[in-house]
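Working notes, structure below.
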Amino acid sequence: MLTELRGRSVPVHWSNLFGVVSAACVMVLFVTGVFLMFGYDASRTSVTYRGDYAPLVGIEMSAAYRSTLAISFEIPGGLLMRQAHHWAGLLLPAAIILQLLVTFFTGAFRRPRRGSWVLLFLVFVMALAAGWSGYALPDDMLSGTGLRIVEGIALGIPFIGTALSNLLFGGEFPGRIIENLYPLHVVVFPVALLLLLALRLRSGFRHGAPQFPGPGRTQENVVGIPLFPQMATRAGGLLLIACGLIVGISASVTVAPIWLYGPASPGDASAGSQPDWYTGFLDGALRLIPPGWEFEWLGRTWTLAVLIPLAAVGLFLALVVAYPFLEEWVTRDRDEHHLLQRPRSTPVRTGVGVAAVVFYGALWGAASSDVIATQLAVGLESTIHFFQAAVVLGPAVAFVLTRRIAIGLQRKDGDLLAHGFETGRIVRLPGGEYVEVHEQLPPAERWRLIDEQQGVETAAPLE
Ligand code: HEM
């Protein structure tokens with residue numbers, strides 16, 4: 001295997017950087033996570049604070065919150081480690097989303113890489129699960145509010161809701177949630193994440209990386225640099241730089257100042273509570289359904305304010321993970337593809353992608369509806385109505401506009417190929433007529449566009 005990999009070439013593209021940033025986040029999360037384990041006490045036992053942070057001295061709190069305060073103020077380097085852990089936890093989903101977007105818009109998910117897309121999606125889900133469970137661990141007021149919402153969602157699911165809530169919380173809220181989440185956070189989710197990353201790496205090695213069309217690039221070859229040592233050293237260097245930047249940000253920008261939020265208290269929630277950004281779309285979905293939408297059936301209360309958001313988000317995520325299979329089914333294109341496409345070459349796919357981004361973005365924005373309403377001095381009701389309209393109409397408008405723009409750009413490329421580019425030089429013909437001189441594109445650029453126009457043809461059934 002190693003000898004085979006040594007002879008491999010890999011294409012170079014700036015978007016490889018998103019993978020490097022994801023890897024750097026995972027590295028920082030594991031190193032800092034192990035450090036945090038030495039200071040963290042996963043227990044909701046009530047204690048009285050007698051530590052270094054004066055404003056909270058004498059306050060009743062959980063051992064988990066007290067230990068997180070101790071990591072922040074008493075253990076040398078603890079605050080930097082907490083911040084680096086949290087910053088990496090914030091950056092990881094962003095880097096994975098960017099990887100998903102690049103893969104989607106370039107068609108890198110087509111055969112033989114459909115499995116790789118599913119694995120990347122599962123890595124994203126696992127990063128969300130790890131981030132969400134970690135967010136709860138300090139047991140501060142914000143994480144307590146988040147857990148209260150989770151309890152409400154669990155209880156709102158008919159038939160299994162109460163059992164699910166009991167399983168998670170181990171009884172009446174907040175129950176043993178910290179004790180239950182801890183092993184999930186430090187063992188189950190990280191191990192699952194590593195496993196998925198390993199499988200994805202294996203699949204990447206097996207099929208090789210796809211490349212953009214260009215001079216000399218075909219379905220059969222790879223134009224790039226050797227994997228060993230050039231690519232490996234380049235990626236390794238960038239990985240270390242990314243780790244350094246994460247630590248640099250963590251040393252200079254405060255994140256999760258839990259001492260300002262105070263300890264979790266089951267009856268309290270602070271105004272303007274915001275979840276970490278990556279769970280915002282789930283929170284936003286809950287805010288968009290009017291309260292009180294519920295009915296009785298089969299002896300149960302069916303709370304639509306919980307069920308509709310759950311169904312909508314569930315369906316959205318299911319469509320995302322199944323997209324490669326759906327596209328293959330619609331286009332009947334079962335060929336293997338090693339050349340990528342530009343978004344304009346596949347207007348329908350690009351339209352679908354932008355519609356999905358708008359849907360996600362509208363849900364995400366809705367999570368901040370209260371903050372937006374106060375900052376912009378507009379009514380909360382109007383803000384909610386705006387996001388309700390954006391979730392329903394936004395994707396359709398985005399699809400139509402994007403598809404039109406992509407087709408327009410395609411035609412512009414076709415025009416460039418057929419007539420060359422405008423030089424800006426106007427000449428007068430013997431008959432007195434003025435024309436602008438057009439010149440052919442450089443050969444490499446023509447080659448790239450011709451390849452892409454071929455990509456357009458293969459994608460034609462989608463049109
Ligand atoms: C794999 C992805 C992971 C993500 C996204 C993640 C995320 C988080 C987040 C957001 C927090 C809250 C930090 C804060 O206090 O502000 C946290 C806490 C914590 N994490 Fe992780 N974590 C991950 C992996 C790990 C691993 C592998 C370990 C241990 C081996 C670990 C151990 C801890 C501990 C002990 C805490 C509680 C201490 C504290 O909150 O400061 N984490 N995690």
Side-chain angles (χ1 to χ4, degrees), residues 21-44 51 53 61-97 120 122-147 150 177-198 200 243 246-247 249-251 253-264 273-280:
V21 173
S22 303
C25 290
V26 171
M27 249 173 81
V28 171
L29 281 165
F30 274 77
V31 171
T32 53
V34 170
F35 178 95
L36 292 175
M37 282 173 81
F38 289 104
Y40 181 72
D41 183 358
S43 155
R44 286 216 80 256
Y53 186 63
M61 55 181 66
S62 67
Y65 185 67
R66 189 196 50 188
S67 66
T68 316
L69 285 176
I71 294 174
S72 309
F73 295 120
E74 288 145 46
I75 298 178
L79 184 57
L80 177 63
M81 290 293 165
R82 258 199 70 225
Q83 301 228 127
H85 196 74
H86 206 123
W87 268 117
L90 289 174
L91 279 176
L92 179 64
I96 301 175
I97 287 184
L120 186 58
L122 293 178
V123 167
F124 174 63
V125 173
M126 215 37 73
L128 292 195
W132 168 76
S133 56
Y135 183 75
L137 290 183
D139 204 28
D140 58 292
M141 176 87 85
L142 261 188
S143 67
T145 310
L147 287 174
V150 170
I177 184 71
I178 299 291
E179 290 85 343
N180 291 349
L181 282 184
Y182 188 60
L184 288 178
H185 181 75
V186 300
V187 183
V188 179
F189 296 145
V191 169
L193 186 81
L194 283 188
L195 212 72
L196 289 166
L197 286 174
R200 198 172 130 72
C243 288
I246 295 172
V247 176
I249 295 170
S250 313
V253 189
T254 306
V255 66
I258 49 130
W259 51 92
L260 298 181
Y261 308 149
S273 294
Q274 293 288 293
D276 268 353
W277 77 269
Y278 45 85
T279 45

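Here the structure is a predicted model, which means the values were calculated and not measured. Counting starts at 1 for both ligands and their atoms, following the listed order.
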Close side-chain approach of Ile71 to Met81, heavy-atom, < 4.5 Å:
no

Determine yes or no for a side-chain-to-main-chain donor-acceptor pair under 3.5 angstrom, with Trp277 supplying the side chain and Leu90 the backbone.
yes

Rounded at 0.5 Å granularity, tell me how far CG in Leu181 sits from CZ in Phe189.
7.5 Å

Closest to atom 39 (C) of ligand 1 by heavy-atom distance, out of Leu92, Thr68, Val255, Leu181, is Thr68

Check each atom of ligand 1 against the heavy atoms of Ala256 and keep those under 4.0 Å away; list them by number with element.
16 (O)

re atom 16 (O) of ligand 1, the protein heavy-atom contact at minimum distance is His86 ND1, 2.6 Å

Donor-acceptor pair, Arg82 side chain versus Ala256 backbone, under 3.5 Å?
yes

So do Pro183 and Val188 actually touch side chain to side chain, heavy atoms under 4.5 Å?
no

Of all protein heavy atoms, the one nearest atom 38 (C) of ligand 1 is Tyr40 CD1, 3.7 Å

Test item: Glu179 side-chain N/O and Arg44 main-chain N/O as donor-acceptor pair under 3.5 Å:
yes

Once you measure the plane-to-plane angle for Tyr182 and Tyr40, does it fall in the parallel (<30°), tilted (30-60°) or perpendicular (>60°) bin?
tilted

Taking every heavy atom of Glu74 against every heavy atom of Gly51, the minimum-distance pair comes out as OE2-CA, 3.6 Å

Geometric N/O contact Tyr182 with ligand 1, under 3.5 angstrom:
no

Any side-chain heavy-atom pair from Val28 and Trp87 closer than 4.5 angstrom?
no

To check your reading of the model: name the closest protein heavy atom to atom 30 (C) of ligand 1, its residue, and the distance in Å.
Met37 SD, 3.5 Å

Which ligand 1 atoms, with their elements, are less than 4.0 angstrom from a heavy-atom of Pro138?
14 (C), 15 (O), 40 (O)

Enumerate the atoms of ligand 1 whose separation from the nearest heavy atom of Leu193 is less than 4.0 angstrom.
1 (C)

Listing by chain and number, which protein N, O or S atoms are under 2.8 Å from atom 21 (Fe) of ligand 1?
His85 NE2, His185 NE2

For ligand 1, does Arg82 get within less than 4.0 Å through its side chain, its backbone, both, or neither, judged by non-hydrogen atoms?
side chain

First locate atom CD1 of Ile96, then atom CG of Leu193, and finally report the distance between them rounded to the nearest 0.5 Å.
6.5 Å

Residue portion contacting ligand 1 (non-hydrogen atoms closer than 4.0 Å) for Val26
neither

Could you tell me whether the side chain of Ser143 reaches within less than 4.5 Å of the side chain of Asp140, counting heavy atoms only?
yes

